[in-house]
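One structure below.
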Amino acid sequence: MPEVRVRFAPSPTGFLHIGGARTALFNWLFARHHGGKFVLRIEDTDTKRNTEEAMAAIYEGLEWLGLNWDEGPHVGGDFGPYLQSERTELYERYLKKLQDGSHIFEDQGALRFRSPREHVIVDDLVCGRIDFDLSNPATHPDMTIRRPDGSWIFHFVNVVDDLEMKISHVIRGEDHLSNTPKHIELIRALGATPPNYAHIPLILNRDGTKMSKRDAGARVEYYIQRGFLPAAVRNYLCLLGWSPKDDREKLDIGEIIRIFDVKNIGRSSATFDPDKLHWLNGEYARELSDENFYQLAVARLKSSGVKVDDYPEQYVRAALQTCKGKINTFDELPPYCGFYFTDDFGYDPQGAAKHFTAENRPRLKAVRDSLAALEKFDAAEVEAALKNTAAELGVKIRAIVHPVRLATTGSTVGPSLYHLLEVLGKEKVLARIDRALSTF
RNA sequence: GGCGCGUUCGUCUAGUGGUUAGGACACAGCCCUCUCAAGGCUGGUACACGGGUUCGACUCCCGUACGCGCUGCCA
């Protein structure tokens, strides 16, 4: 088998779409599995719609997902340049070839490719053998390859570049399946041999519509901002349209590369499920080393405006350690542990109504006194103190845990109470309980 | 409209003629438990429909319906 060369060829007209990222991912996996090359080519022929930000978003998104390219912008390669806007001479040359073969005619200033008007068989690695009948010009008009202003149309430059870059397998979205016979006609008119094709199913929205740029979750950037883990997003994307054929879902990327096969790509479109991604991200988050968790957590808190630098590192580490395993995505962290970094917080209204009651007031007071008497203020001692207090009062431990949690964190949910009290320290804990006691 | 592709729990999927149709997410309940998670257990919900072929169809064939894509001087 000749060298496997695949490419991802986005056009920088928006942000990196999650569907595009998945297409890039499948190409990358295919290249890595076969020890081939993954090429990145920017299709920026439509100058009016291209933006620098969009191009940056493509690079950033791919890098974030760990989809490194062997040839393309920044890294170069033997078949560059990798921006179509810099390849115009090449297109002129190929156009000349077509013109010499009388395949081109002019129409209102634009250049069109004259279809041979035959049946074209597309032998697709995913979709199978499909027979397209292009004989009717009414339903399959001759495609334009160049606009009157001289700019090139996608179909032409895409085909030319795939040929020039010696692309062996074209793995792209199924929305291109119907274009493929036309591309094959073009390739044959150029006297070349078509590459192998694999059209992968599209990713749909929850409502069954195609994921559009409108949807927040359609952008890779969204997952970066929300504090998702790239490995989790990448893993999830693999599961959309591809399956290891056993019941495994959380798969190491090395393992996926090892077993990836286009034969195991499904043929029907898949609906993107944010819940499942959220769950999978939690699985990855729980596996993070303490150090990695700490680094990511601190970065997240800082970007959210939490002044972690005002606290000793040991305190921050201890505080964050109580949160590990509790959150699925890092954007959940600031509201979850903000109480560690400010004394100025309100009480959850429903929680206050339920727990800051006349009945609980003496209980909270008893806890305060019990904690105040502790010499060693660690989780074990705190736990013992709370349990003793509960026993003395003749109530279940939960009867006092809730008011204490609310008083010290302002919330009804959070890290383990005993551990969080230890981290806060005796002084802060007593002050917070006193403050709470003054409110009801 | 024409052409193409598709259709298994709400969602992602396993399944390639004989299965109690499996797993996961989500959901519900229970257990564990200092809250919330995590973990454990349990539960409900699926082969779009109609014809064939066959001793036997989720699996094969045809049709219908529905969905999506293409039908651009977008990519």
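Qualifying ring pair (Phe, Tyr, Trp, His ring centres under 6.0 Å) partners for A/His183, counting only residues two or more places apart in sequence or in other chains: A/Phe154, A/His155. By the salt bridge (charged side-chain N to carboxylate O under 4.0 Å, His left out) test, A/Asp261 pairs with no residue at all, sequence neighbours left out. By the ring pair (Phe, Tyr, Trp, His ring centres under 6.0 Å) test, A/Phe293 is found to be paired with A/Phe330, residues two or more places apart in sequence or in another chain being considered.
A/Glu92 and A/Arg146 are joined by a salt bridge, as a carboxylate oxygen and a charged side-chain nitrogen come within less than 4.0 angstrom of each other. A salt bridge does not link A/Asp142 with A/Arg112: none of the charged nitrogens is closer than 4.0 Å to a carboxylate oxygen. A salt bridge links A/Arg368 with A/Asp434: at least one charged nitrogen is closer than 4.0 Å to a carboxylate oxygen.
Of the candidate nucleotides B/G69, B/C36, B/C12, B/C36 has the atom nearest to the side chain of A/Tyr336. Listed nucleotides B/C12, B/C70, B/G6 differ in distance to A/Arg267; the shortest reach to its side chain belongs to B/G6. When distances run from any side-chain atom of A/Arg405 to the nucleotides B/U35, B/C5, B/U13, the shortest one goes to B/U35. Which of B/A75, B/C36, B/C34 sits closest to the side chain of A/Val413 comes down to B/C36. Here the nucleotide nearest the side chain of A/Ala110, chosen from B/U11, B/C73, B/G69, is B/C73.
Between A/Phe156 and A/Phe113, a ring centre-to-centre spacing not shorter than 6.0 Å is recorded. Aromatic ring centres of A/Phe272 and A/Tyr236: separated by under 6.0 Å.
Counting any heavy atom pair closer than 4.0 Å across all strands shown, A/Glu283 reaches sugar-phosphate atoms only and no base atom.
When both pairing distances are held under 3.5 Å, B/G4 makes a Watson-Crick or G-U pair with B/C68.
Distances shown here put a side-chain N or O of A/Thr271 below 4.0 Å from the OP1 or OP2 atom of B/C12. For A/Arg112 and B/C73, the shortest distance from a side-chain N or O to OP1 or OP2 is below 4.0 Å. The side chain of A/Thr412 contributes no N or O atom lying less than 4.0 Å from OP1 or OP2 of B/C36. The phosphate of B/G15 has OP1 or OP2 within less than 4.0 Å of a side-chain N or O from A/Lys245.
The base of B/C34 sits with one of its N or O atoms less than 3.5 Å from a complementary donor or acceptor on the side chain of A/Ser416. Side-chain atoms of A/Ser269 and base atoms of B/G6 include no donor and acceptor less than 3.5 Å apart.
Within a heavy-atom distance below 4.0 Å of RNA chain B, the residues of residues 133-144 of chain A found are A/Thr139, A/Pro141, A/Thr144.
Note: CG (A/Asp162) to P (B/A75) measures 15 Å, nearest angstrom. To the nearest angstrom, C1' of B/C36 lies 12 Å from NE2 of A/His355.
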Under 3.5 Å, which protein N or O atoms sit close to an N or O of nucleotides 24-30 of chain B? Give each pair with its distance.
from  : atom 1 : to       : atom 2 : distance (Å)
B/A24 : O4'    : A/Glu249 : OE1    : 3.2
B/A24 : O2'    : A/Glu249 : OE1    : 2.3
B/A24 : O2'    : A/Lys276 : NZ     : 3.4
B/A24 : N3     : A/Lys276 : NZ     : 3.0
B/C25 : O2'    : A/Lys276 : N      : 3.3

What nitrogen or oxygen pairs link the protein and nucleotides 59-64 of chain B at under 3.5 Å?
none

